[in-house]
Amino acid sequence: MRIAMIGTGYVGLVSGTCFADFGHHVTCVDKDQGKIDGLLAGRMPIWEPGLDALVKQNVDRGRLEFTTDLGAAVKGADAVFIAVGTPTRRGDGHADLSYVYAAVKELAHTLDHPVVVVTKSTVPVGTGDEIARILKEEGAPEGTTVASNPEFLREGAAISDFKHPDRILVGAEDERSREVLAEIYRPLFLNKAPLLFTSRRTSELTKYAANAFLAMKISFINEMADLCEAVGADVQELARGIGLDNRIGAKFLHAGPGYGGSCFPKDTLALLKTAEQYDVQQRIVSMVVEVNDTRKKAMADRVSDALGGDLAGKSVGVLGLTFKPNTDDMRDAPSIPLIEKLVAGGAKVTAYDPVGREQAEPLLPAITYADKPEQVADGADALVIVTEWDEFRALDLKDLKARMKGDWLIDLRNIYDRADAERAGLHYRGIGRPGSQA
Ligand code: UGA
């Protein structure tokens, strides 16, 4: 199959590269000349484990190309995937579809043969209908069809998620779209990944429902963590106790500082906007969002409580800035409201992140950036673990304590045991574990 992928952001680049790795011929197209030049020179615009090697391998084998020329990219293509950004629209919480529609218009004018146009970007219900309308209005070749094929990959584990999906979801209204997508994904369902065909609207909504449900699990366990702290129970044991029930499932039950990233915050808001538009209540998702927002803002209070309620002149070391490990993504990261509040309270903050510094600096200009994790401990009254990078899991706690002025370890990801911290002379406060309450 010949595939054109419009947009070389996270989803587009990973999907395009993996399709090429299946043996398809893929041309990735992006308007950003700098990005394309970088990719042609082997520089990745995002930090994703294993991606650079996979891109190189497929470029070398002649299956993966990069261009800014849409006409060249769609020449002879069977399918054209749209993987441009759908950020939250400024001011109103709706998904901003201007990039999607601009790409579709240009595509309609460029195509010289019918293709299957596939949305990979997360798009609200009805976007496929609107794309079909625009294609027709703008004179796309007769027989061009529109399908929805949402992506379920996680940043940091994107390649493995793409190659070992729990399911492949295709929303289509015609046989040609179903045939082309089945052929594109054939290597995966030979591996037994279920290929689920639904209507286009169902597929579009299913993507939002999946992210909202996962966000709900996180907000649920975070509130349970608060209750655990109050009653002296342990949220990690509780999560295991409920997670072993197959009906519940063990994943996405890690209590922490609240979910962030480019998907859950944006998609839960967009889902609420869709519900509002159709005048249907979504009280659960609305509460999930509220619980998460409140939680992220409350994380700084844990630090200030530990330090006696006054942050002025205190020194705080922060380990981890990105919204999760194995990514440089800072979008909606819990570290942002935490650090902003610490700084506003008069604390001096020193932070370390293995790869997120460049993305973090413009967002958090008022802090010092360390080059090594242990440096954040120098003279610190408290250390806060915000992101569970592997390199923070086996730090020499005694050495950290020796470097510090104070003795608080506030572990927002529960990667240490209280006993180990106390043996190193630290006061420990985790999340939802006995002794973690203020
Ligand atoms: C998420 C979904 O997991 C993917 O399936 C989906 O395709 C993607 O959004 C998307 O819509 O594109 P991602 O945002 O990359 O992927 O990251 P996750 O691993 O889901 O983590 C999201 C946030 O939830 C992070 O802030 C993480 O720390 C938090 N989280 C996750 C928890 O606090 N507890 C958990 O148990 C799991």
Side-chain angles (χ1 to χ4, degrees), residues 7 9-15 18 46-49 83-88 95 119-124 149-162 164-169 203-225 235-236 238-240 242-243 248-271 288-289 291-293 295-296 299 320-338 356 385-389 411-415 431-432:
Y10 216 93
V11 169
L13 186 55
V14 172
S15 311
C18 289
I46 51 167
W47 196 88
E48 178 66 31
V84 297
T86 54
T88 300
T119 47
K120 255 229 173 290
S121 307
T122 300
V123 292
N149 171 224
E151 196 40 71
F152 298 103
L153 50 83
R154 288 163 304 162
E155 291 186 18
I159 293 168
S160 124
D161 279 357
F162 196 93
H164 306 282
D166 288 337
R167 79 303 206 184
I168 301 150
L169 181 59
S203 166
E204 289 168 340
L205 188 57
T206 302
K207 166 69 193 194
Y208 284 95
N211 274 359
F213 195 91
L214 292 171
M216 178 180 75
K217 281 186 95 173
I218 299 169
S219 278
F220 176 86
I221 203 68
N222 282 339
E223 285 213 317
M224 279 300 137
V235 75
Q236 287 183 295
L238 179 145
R240 192 165 152 73
I242 62 171
I248 298 174
K251 292 182 182 163
F252 279 70
L253 288 178
H254 297 290
Y259 60 78
S262 64
C263 304
F264 291 168
K266 161 178 86 74
D267 294 348
T268 44
L269 280 187
L271 182 60
V288 165
V289 172
V291 167
N292 197 59
D293 285 347
R295 182 168 193 85
K296 276 158 98 174
M299 286 300 115
L321 294 167
T322 53
F323 83 96
K324 66 172 194 176
N326 299 322
T327 176
D328 63 349
D329 201 335
M330 283 294 296
R331 282 176 284 182
D332 277 310
S335 63
I336 301 172
L338 167 82
I385 299 173
V386 187
T387 316
E388 68 280 31
W389 284 93
D411 179 3
L412 302 182
R413 298 287 183 172
N414 285 344
I415 63 177
I431 293 279

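Position 1 is the first residue of the sequence, and the numbers go up from there. Atoms within a ligand are numbered from 1 in the order they appear, just like the ligands themselves. Computed from a prediction, not measured in an experiment: that's the story for all the values here.
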A.B. asks: Are Arg167 and Phe152 in a cation-pi contact, defined as NZ or CZ under 6.0 Å from the six-membered ring centre and within 45° of the axis?
C.D. replies: yes
A.B. asks: Quick one: does Ile385's side chain get under 4.5 Å of Leu412's, heavy atoms only?
C.D. replies: no
A.B. asks: Would you find more than 12 non-hydrogen atoms of other residues, nucleotides or ligands less than 6.0 Å from Phe220 atom CZ?
C.D. replies: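 Open: at most 12 neighbouring heavy atoms sit under 6.0 Å from CZ of Phe220.
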A.B. asks: Look at the side chain of Thr327 and the backbone N and O of Gly156, then say whether any donor-acceptor pair between them is shorter than 3.5 Å.
C.D. replies: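 No, the answer is negative, given that no donor and acceptor are paired below the 3.5 Å cut-off.
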A.B. asks: Has the side chain of Lys207 got a donor or acceptor atom that lies under 3.5 Å from a matching backbone atom of Glu151?
C.D. replies: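 At least one qualifying donor-acceptor pair exists.
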A.B. asks: Donor-acceptor pairs under 3.5 Å, side chain of residues 251-265 to any protein atom, not counting sequence neighbours: which ones?
C.D. replies:
residue: Ser262; atom: OG; partner: Glu155; partner atom: OE2; Å: 3.3

A.B. asks: Please output the residues near ligand 1 using a strict heavy-atom distance under 4.0 Å, listed in chain and residue-number order.
C.D. replies: Glu151, Phe152, Leu153, Arg154, Glu155, Lys207, Asn211, Ile218, Phe252, Leu253, His254, Tyr259, Gly260, Cys263, Phe264, Asp267, Phe323, Lys324, Arg413
